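The structure under discussion appears below in the form of structure tokens.
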Amino acid sequence: MRQSHLFLPTERQPPADAEALSHKLMVRAGLIRQVGAGLWSWLPAGWRVHEKVVDIIREEMDAIGGQELLMPVMHPAELWKKTGRYGFSEQFRLDDRKGAPHVLAMTHEEVVTFHVGNSVRSYRQLPMMLYHFQVKERDEPRPRAGVLRTREFIMKDSYSFDLDEEGLQVSYDKHAQAYARMLDRAGIEWYSVESDVGMMGGSSAHEFMAPCGAGEDDVALAPGYAANVEVASATPQPVPHTELTGDQETPGLTTIEAVAEHLGARPGQLLKAFPVVTESRGLVMAFVRGDHRVNEIKLRNALKEELRPATPAELEERGLHAGFLGPTGDLPSVFDEAIVPGPYIVGANRPDLHTVVEIPAGERLDFRTVEAGDTVNGNPITIEPAIEVGNIFKLGTRYSEPLGATVLDTNGKDRHVVMGCYGMGPARIAAAAVEQFADEKGISWPKSIAPWDVHVIAAGKPGTDEANAAAALYDELRGAGLEVLLDDRADGPGAKFADAELLGVPLRLTVGKRGLAEGKAEAMQRRGLTQLEGVALDDPIETVKQQWLDVP
RNA sequence: CGGGGAGUGGCGCAGUCUGGUAGCGCACCCGGCUGGGGGCCGGGCGGUCGCAGGUUCAAAUCCUGUCUCCCCGACCA
């Protein structure tokens with residue numbers, strides 16, 4: 001591609017409202033442009049990156065027996081009503097000209113299950129694995145950070161269909177292995193973590209995370225351990241029990257910090273009350289150590305039902321006072337694992353008073369948020385931000401039951417197919433690569449997903465010997481099968497180098513007066529801006545191919 | 001949804017408080033010089049100041065309404 005006619009609008013300054021590194025750089029480098037909140041166009045260079053990621057994903061999906069198809073973005077609402085997924089706040093809904101309700105797909109469980117249910121009859125056809133790359137529409141409450149969180153994006157979603165749980169485990173493992181190969185090939189840093197099964201239902205889930213500063217998730221890491229903080233468990237750091245006894249006047253002190261400071265105690269010597277309301281239990285008091293935070297997801301999973309924080313009004317109805325809550329015989333209570341038996345400073349359930357009570361041994365649940373420094377198998381954990389680039393879920397019969405997707409088993413009986421679903425976001429992989437490898441000059445693509453293999457810079461205006469030699473080099477490299485971008489613009493060399501470093505093509509060859517005198521092009525690796533050996537212009541191909549193999 | 005902020009040329013911004021000819025840098029076009037790190041000189045193109053209504057002799061500026069976008073949080077199959 002000749003840069004003089006490439007739609008590559010680079011900018012010296014990032015958009016004023018951009019925060020995330022990948023947002024700033026992808027806009028500056030001319031890869032993406034915003035159309036509306038969470039709605040982005042991919043410009044030619046950006047789209048090349050996106051499609052390189054897609055190609056890698058497709059190859060690995062095919063390698064585990066995936067069959068690519070294509071399902072529509074717009075679905076009749078009826079299908080989603082059957083699975084109880086009609087009416088989500090993130091769901092785009094619309095009516096057709098006849099007034100029939102439709103939805104824009106957030107994902108494709110309903111449709112793929114509909115097809116399999118209609119057309120697969122026998123266990124002999126299983127296992128089956130179907131996938132596509134398709135636009136997903138989600139009316140996110142808060143799109144952010146360029147293409148990291150958008151309202152419309154392309155996802156590779158695949159679905160496995162098996163006769164039983166054992167089969168599902170095989171399909172699940174195949175996906176986990178394929179995902180590892182995809183992300184390794186894409187050249188990004190990643191790890192897989194245990195994750196919450198969330199609203200998808202089902203029994204097991206892993207997320208594939210790419211660590212980066214703009215990440216939206218926090219991941220707890222220790223040797224041999226990696227989990228989303230949403231579900232992570234760890235051994236807490238110990239705190240000695242309080243030596244106080246009896247009632248403690250705490251006028252107007254409603255926070256852990258204020259009470260602890262007033263009494264000369266450590267926050268961990270207090271108990272924090274977190275009142276929640278659940279469907280079956282009503283108001284429940286959940287207690288964690290004062291220096292810990294309740295993790296609502298873990299609490300939900302521990303109580304095995306949906307919950308929400310109690311409102312101040314609900315507390316007042318019971319004569320309770322926010323800020324001075326403590327254990328009471330009137331209400332069911334649950335205690336976090338970190339609360340070892342012994343005395344704790346707790347709210348006295350009346351204003352301006354705390355008291356020390358003995359918390360006996362008893363049932364404990366794990367529902368606190370882990371913190372850096374907690375340990376797993378004796379090793380302290382660290383917590384770092386990461387972006388979720390893929391996930392795998394065991395769905396079981398969550399969708400095959402409501403949609404009636406059954407096959408006949410060896411006994412001739414109908415059985416609901418056992419499903420798994422597996423997502424992977426090419427845009428997030430691209431953005432994660434930007435985040436992970438960018439330097440102060442711009443992007444540095446892993447070569448497997450770079451928009452071009454080689455960037456040839458003509459350090460001379462059009463018509464000069466340098467420009468002609470650069471064009472000849474460009475033709476020759478292309479003829480050898482490399483993907484090459486030629487900067488044939490009339491700009492000065494400084495502007496060209498700056499744009500090249502912003503765009504991040506892994507290998508740069510500069511043809512200028514200086515090298516031309518010796519019949520050479522200068523070579524530079526983008527990663528680290530490392531100077532390589534010059535390339536002989538009369539026989540460049542082997543050298544350049546080797547250099548390309550050597551770059552990251 | 002709660003809190004905060006912003007809409008003025010392609011990008012980044014000033015002007016708004018105190019109403020009076022719409023400005024600056026970059027980019028872009030033309031001419032010239034320059035040609036290995038965003039170079040220089042000269043001349044240009046380009047804007048219903050988000051939208052609607054109101055006040056006024058006069059509105060980017062004041063008033064009312066509305067839309068959009070961003071950031072933090074909540075949320076996030």
Side-chain angles (χ1 to χ4, degrees), chain A residues 7 9-20 23-24 27-28 30 33-40 80 83-86 88-91 103 105-110 136-146 148-151 153 155 157 159 195-202 205 207 214-217 228 230 296-297 308-309 387-388 391-395 398-399 419-423 425 428 441-442 457-467 470 487 489-502 508 510-517 521-522 524 529 531:
Chain A
F7 183 37
T10 57
E11 296 289 345
R12 288 175 84 144
Q13 290 166 306
D17 48 27
E19 285 292 318
H23 181 186
K24 292 179 185 174
V27 171
R28 283 191 57 210
R33 281 294 186 271
Q34 184 167 17
V35 177
L39 303 172
W40 290 83
W80 290 71
T83 59
R85 295 211 299 173
Y86 184 70
F88 276 80
S89 55
E90 288 79 19
Q91 190 170 51
V103 304
M106 315 170 77
T107 180
H108 285 77
E109 281 81 9
E110 277 78 2
K136 301 291 179 275
E137 303 280 353
R138 301 182 182 183
D139 196 0
E140 292 286 347
R142 189 153 100 78
R144 57 178 291 276
L148 280 181
R149 183 158 210 90
T150 56
R151 294 198 295 171
F153 61 97
M155 181 162 85
D157 43 320
Y159 305 90
S195 69
D196 185 46
V197 294
M199 305 289 286
M200 287 298 290
E207 289 166 341
E216 297 186 295
D217 292 276
N228 195 313
E230 288 177 351
E296 287 185 44
I297 293 170
R308 61 173 175 80
I387 184 73
E388 178 186 350
N391 54 39
I392 58 180
F393 284 96
K394 289 185 184 176
L395 291 173
R398 164 68 181 85
Y399 295 92
M419 293 174 54
C421 74
Y422 317 90
R428 284 188 170 181
K441 299 284 190 180
I457 308 284
K461 59 183 167 185
T464 58
D465 290 346
E466 304 95 275
D487 194 344
R489 297 176 299 171
D491 299 71
K496 293 183 178 183
F497 294 146
D499 273 349
E501 282 148 17
L502 186 57
R508 178 171 105 198
T510 304
V511 182
K513 224 183 280 179
R514 219 191 265 164
L516 198 55
E522 290 152 71
M524 181 178 274
L529 296 174
Q531 198 77 40

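Fair warning: this is a prediction, and the values are worked out from it, not measured in the lab. Proteins come first, then strands; the chains are lettered A, B, ... in the order of their sequence lines, and each starts at number 1.
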### Query
B:C70 phosphate, OP1 or OP2: any side-chain N/O from A:Gln34 under 4.0 angstrom?
yes
#### Entry: Nucleotide opposite B:A14 in a Watson-Crick or G-U pair, distances under 3.5 Å
none
### Task
Given side-chain contact (heavy atoms from CB on, under 4.5 Å), test A:His108 with A:Lys136 step by step and report yes or no.
CA-CA 9 Å; A:His108 285 77; A:Lys136 301 291 179 275; 3.2 Å; yes
### Message
Suppose we define a pair by two distances each less than 3.5 Å, Watson-Crick or G-U wobble; what does B:G73 pair with here?
### Response
B:C1
### Query
Should A:Arg12 be listed as having a side-chain N or O under 4.0 Å from OP1 or OP2 of B:G12?
no
### Message
Quick check: on RNA chain B, is the nucleotide nearest A:Pro493 upstream (toward 5') of the one nearest A:Ser89, or the reverse? Name the residue that is more 5'.
### Response
A:Pro493
### Task
Indicate, with a heavy-atom threshold strictly under 4.0 Å, whether A:Gly460 touches base, sugar-phosphate, or nothing.
nothing
### Query
Partner of B:A6 by Watson-Crick or G-U wobble geometry, both contacts under 3.5 Å, or none?
B:U68
### Query
Heavy atoms under 4.0 Å, any strand shown: does A:Glu501 hit a base, just sugar-phosphate, or nothing?
base
### Task
Measure from CD on A:Gln13 to C1' on B:G12 and round the result to the nearest Å.
4 Å
### Watson-Crick or G-U wobble mate for B:C28, both contacts under 3.5 Å
B:G44
### Phosphate contact (B:C71 OP1 or OP2) by A:Arg142 side-chain N/O below 4.0 Å
yes
### Message
Say we look at B:A58 and B:A22: how far apart would their C1' atoms be, to the nearest angstrom?
### Response
15 Å
### Summary
Assign each of A:Glu388 and A:Ala490 the nucleotide of RNA chain B bearing its closest heavy atom; nearer the 5' end lies the nucleotide of A:Ala490
